[in-house]
Student: 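Have a look at this one before I ask anything.
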Amino acid sequence: MSASDKKTPGKAPGTEVETTGHVWDDDLCEYNNPLPRWWLWGFYATVIFAIVYWLLYPAWPIASTFTKGFATVTFEVEGEPRTTHWNTRAVLAREMQSGEMALRQQEMLRVVADSSIDEVLSDTTKLAFVNSYGRGMFGDNCAACHQTGGAGIIELYPNLADDNWHWGGDLASIEHSIRHGRMGYMPDFGETLDAGQLRAVSAYVLNIAGHEGDADLIARGQSIYLGPEGGCVACHRPDGAGLRALGAPDLRNNIWQNVDVLGAASHEERLTRVSEMVARGVNRQMPAFGDRLSEAEIRVLATYVHQFGGGQ
Amino acid sequence: MNEVYEARIPIYPRAVKGRFRNLKWTVLGLAYSVYFLLPWLRWERPHGPDQAVLFDIPGRSFYLFNLLVHPQDIFWLAGLLIIAALLLFMVTGMAGRVFCGYFCFQTLWTDLFMWIERRMQGDRAARMRLDRDGPAFKRLTLRTITHLLYLVAAFATGFTFIVYWGDAPTLTVSFFTGQAAYAAYFTAGFLTLTTYVFAGILREQVCIYMCPYSRFQSVMFDRDTLIVSYDQKRGEAAAGRRLMGKGPRDHEARLADGIGDCIDCGMCVQVCPVGIDIRDGLQYQCIHCALCIDACDNVMDRLGWDRGLIRYTSENALAGKPARVLKPKTFGYGIPLLLIIGVLIWSIATQAPLDASVSQVRQPLFVTLSDGSVQNSYQIKLNNKAQQAVTLELRISGLPGAVLDTGRIETIELLPQQSTTLLARVRYPAQPGVGQQRPLSFEIVPVAPSGMEPVVITSQFSH
Ligand code: SF4
Ligand code: SF4
């Protein structure tokens, strides 16, 4: 192909492509196809863009600091306005305070906080808000112990998804638990009761929950449970129904949160597990969230938790 | 010394009249009518804005006449894009760059801007004269007015774009009173600028240097593809083309001398908006606007010779071979195209007014209750896509003895376009086993208005 075969796009017909004048091996020549000039302008435009960008946003490092730029972000920290250079954290903080969605969220929070518990529980719109906002709050504040779906961990953290509410399953009780925290305490009987007594009282407790066993042992356990040696009756009540005011669990069902009875292979193992638990006692604490969360947030969180197990 | 950057060589396309020009004006008229008027078309709806076409981003709904598109229907867009791509490939394979020539925004807007230029500065010869040796004042004035008109057209374009995204009259008022959202000004400004720069200044440079389609369309071409082409054989004959002034003027005599039918008048070159000579053969710069066909046809008409020295034809046809339209490629694109169009239409036609999903809560999968029964939790999402409010009831079936607990929610009322999320629990007197599943169905039953189909969603109960 000779140089004259090639036409430059956009050029008047007949205009040939220039060569740079470099020719090798007689006919191998270097074409000169210059870039269109607007390309150069495009380059200048990027330079101007960069300069504007440097002026607006943090850009140049200077010793231990950097240029801050004019595009500042203002948001509030504890009621005080604070202005910083542009950064995504500050933008997020501002969005969370004054963004359109944030304002709508705050509005809904207010609505829920101003509604009675019955209203929230029977209104689909408010419940839908509770379900989405509460989910986030639960994840932030509660899920570390109670797990994402509220299932808890046996022996450590209570299960919120069943219908067994140690401290009460109505909204007021749940709110109270969140606001003030809870102290779950059962004395350790390892010193006061000997191994035989521990076994006996365990057999009785298991029997309350419906596990059959040696009748003599159970009878012995009952007297310890009811009598002064054990004194279990004070908290767990004579029929084993427990006392909500103290967080003493109902022993009549098969929900075991402090000892893994259902996971035991044999009755003997069940006895051992319960005995160990009675000997060890319980010392659990849930922190108070009253000064970390607003009343509205506590309302939302309590309603969300209420729905896990169906509440009361 | 060679230049590193090349200034644009000005092109002064000449006005031309003819059937393709008319066709292009018609397409342009239709496209502009739709684009500029559509957002102003009102449309009565039982619920929602009364604008025929509205893309409501904050409300998460796209209104297209009687069709309402929700974000969940985003796959329709995917279908639409696939259809557009296949259609483009198929049409390009069959009819060449008809998209570029007649429908591309760049071509349409450049046409409009060239029309403005022509009205202000005259046709090719006048513009060349003005640029070369017109009085500076006149040149400056005419150019300024031209560019101001460009900006007006560009702004109309940019502004019209934004009124698709809000209620057109309200948005117009708020836009011109400084009340509109920042995004509206930015978008309108950005589109004004790009329209002005691309259609007013860069023009063919966009097609030649920026447009990816011009680069890859050649792979869709074959020897049967329709292209705008100069009939080399007829035009050049044995002795080549010849100006009318030189040699015989009579057709017969020219033929006898072996001179082709091209009289080298250069009309086809002068009308070309990308400044190429079609007689050099198929070139990637050619946008197939067919204006050179009109130009040459006019010349042939004047001479009383046959039209079609430049015409839509294919390489095979030019070589005297039969040209096929129904080639394997046509079917290869056409069949999937029809298929996807069918699926899309079916999907739109059978769109349920009620959108529901049930997902079983997996953490924990189940819990044992104090009475020994087992409880599963479900998250139920309901979305009313209908144009009226609905009242729904939630029921379960397929698992006798199971009890549904929705707390204190008995019926769910959803306004048009409203959606909600519900947590529900199902209790069943089963022994907790390990990983047992039982089928269970949720029925979402519209109790009002009557006549709506219930939605049944199968799920499972674990214990
Ligand atoms: S060569 Fe003809 S069809 Fe191609 S761009 Fe030029 S005028 Fe249009
Ligand atoms: S318009 Fe027709 S006759 Fe005139 S130069 Fe072009 S091809 Fe030849």
Student: For B:E410, which atoms come within 4.5 Å of any heavy atom of chain A: side chain, backbone, both, or neither?
Tutor: neither

Student: Only pairs under 3.5 Å count here: list side-chain donor-acceptor contacts from residues 418-426 of chain B, not counting sequence neighbours, and write none if there are none.
Tutor:
{"from": "B:Q418", "atom 1": "OE1", "to": "B:L415", "atom 2": "N", "distance (Å)": "2.9"}
{"from": "B:R425", "atom 1": "NE", "to": "B:D405", "atom 2": "OD2", "distance (Å)": "3.0"}
{"from": "B:R425", "atom 1": "NH1", "to": "A:Q307", "atom 2": "O", "distance (Å)": "2.4"}
{"from": "B:R425", "atom 1": "NH2", "to": "B:D405", "atom 2": "OD2", "distance (Å)": "3.4"}

Student: Mind ranking B:L369, B:T411, B:I409, B:T406 by heavy-atom pairs under 4.5 Å with chain A and telling me who comes out on top?
Tutor: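 Top option by heavy-atom pairs under 4.5 Å: B:L369.
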
Student: Within this structure, what is the CG-CG distance for the pair A:N254 and B:D371, rounded to the nearest 0.5 Å?
Tutor: 11.0 Å

Student: With chain A as the partner, which of B:R408, B:Q375, B:R8 has the greatest number of non-hydrogen pairs under 4.5 Å?
Tutor: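 Highest number of pairs under 4.5 Å: B:R408.
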
Student: Between CH2 of A:W38 and CD of B:E6, what distance do you get to the nearest 0.5 Å?
Tutor: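 Interatomic distance, A:W38 CH2 to B:E6 CD, rounded to 0.5 Å: 12.5 Å.
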
Student: If you draw a 6.0 Å radius around CZ in A:R135, do more than 12 non-hydrogen atoms from other residues or ligands fall strictly inside?
Tutor: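 No, not enclosed.
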
Student: Which answer fits B:S377, side chain, backbone, both or neither, if we ask what part of it has an atom under 4.5 Å from a heavy atom of chain A?
Tutor: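 B:S377 touches chain A through side-chain heavy atoms alone.
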
Student: Can you tell me which portion of A:I255 sits under 4.5 Å from chain B's heavy atoms? Options are side chain, backbone, both or neither.
Tutor: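 Side chain of A:I255 only, per the 4.5 Å heavy-atom cut-off to chain B.
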
Student: Could you tell me the separation between the CD atom of B:E413 and the CG atom of A:D123, rounded to the nearest 0.5 Å?
Tutor: 10.0 Å

Student: Is the count of non-hydrogen atoms from other residues, nucleotides or ligands lying under 6.0 Å from B:F190 atom CZ greater than 12?
Tutor: no

Student: Under 4.5 Å heavy-atom distance to chain A, tell me which part of B:L202 shows up: side chain, backbone, both or neither.
Tutor: side chain

Student: Closest approach of B:Y5 and A:P34, non-hydrogen atoms and distance?
Tutor: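 Heavy atoms of B:Y5 and A:P34 come nearest at C-CB, 4.0 Å.
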
Student: Using a 4.5 angstrom heavy-atom cutoff, name the option from A:G150, A:G149, A:G152, A:S132 with the most pairs to chain B.
Tutor: A:G149

Student: Counting only heavy atoms not in B:R60 (residues, nucleotides, ligands), do more than 12 fall under 6.0 Å from its CZ?
Tutor: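 Count not over threshold, so no.
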
Student: Not counting sequence neighbours, which residues clear salt bridge (charged side-chain N to carboxylate O under 4.0 Å, His left out) with B:E236? List them please.
Tutor: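 For B:E236 the salt bridge (charged side-chain N to carboxylate O under 4.0 Å, His left out) partners, ignoring immediate neighbours, are B:R241.
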
Student: Hey, are the side chains of A:R37 and B:Q205 touching, using non-hydrogen atoms and a 4.5 Å cut-off?
Tutor: no

Student: Identify which part of A:F129 has an atom lying under 4.5 Å from any heavy atom of chain B, answering side chain, backbone, both or neither.
Tutor: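 Interface part for A:F129: neither.
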
Student: Identify which part of B:R427 has an atom lying under 4.5 Å from any heavy atom of chain A, answering side chain, backbone, both or neither.
Tutor: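 Contact with chain A is through the side chain of B:R427 alone.
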
Student: So which bits of residues 156-170 of chain A come within less than 4.5 Å of chain B, counting non-hydrogen atoms only?
Tutor: A:N159, A:A161, A:D162, A:D163

Student: Mind checking salt bridge (charged side-chain N to carboxylate O under 4.0 Å, His left out) for A:R252 and listing every partner two or more places apart, or none if nothing turns up?
Tutor: A:D239, A:D250

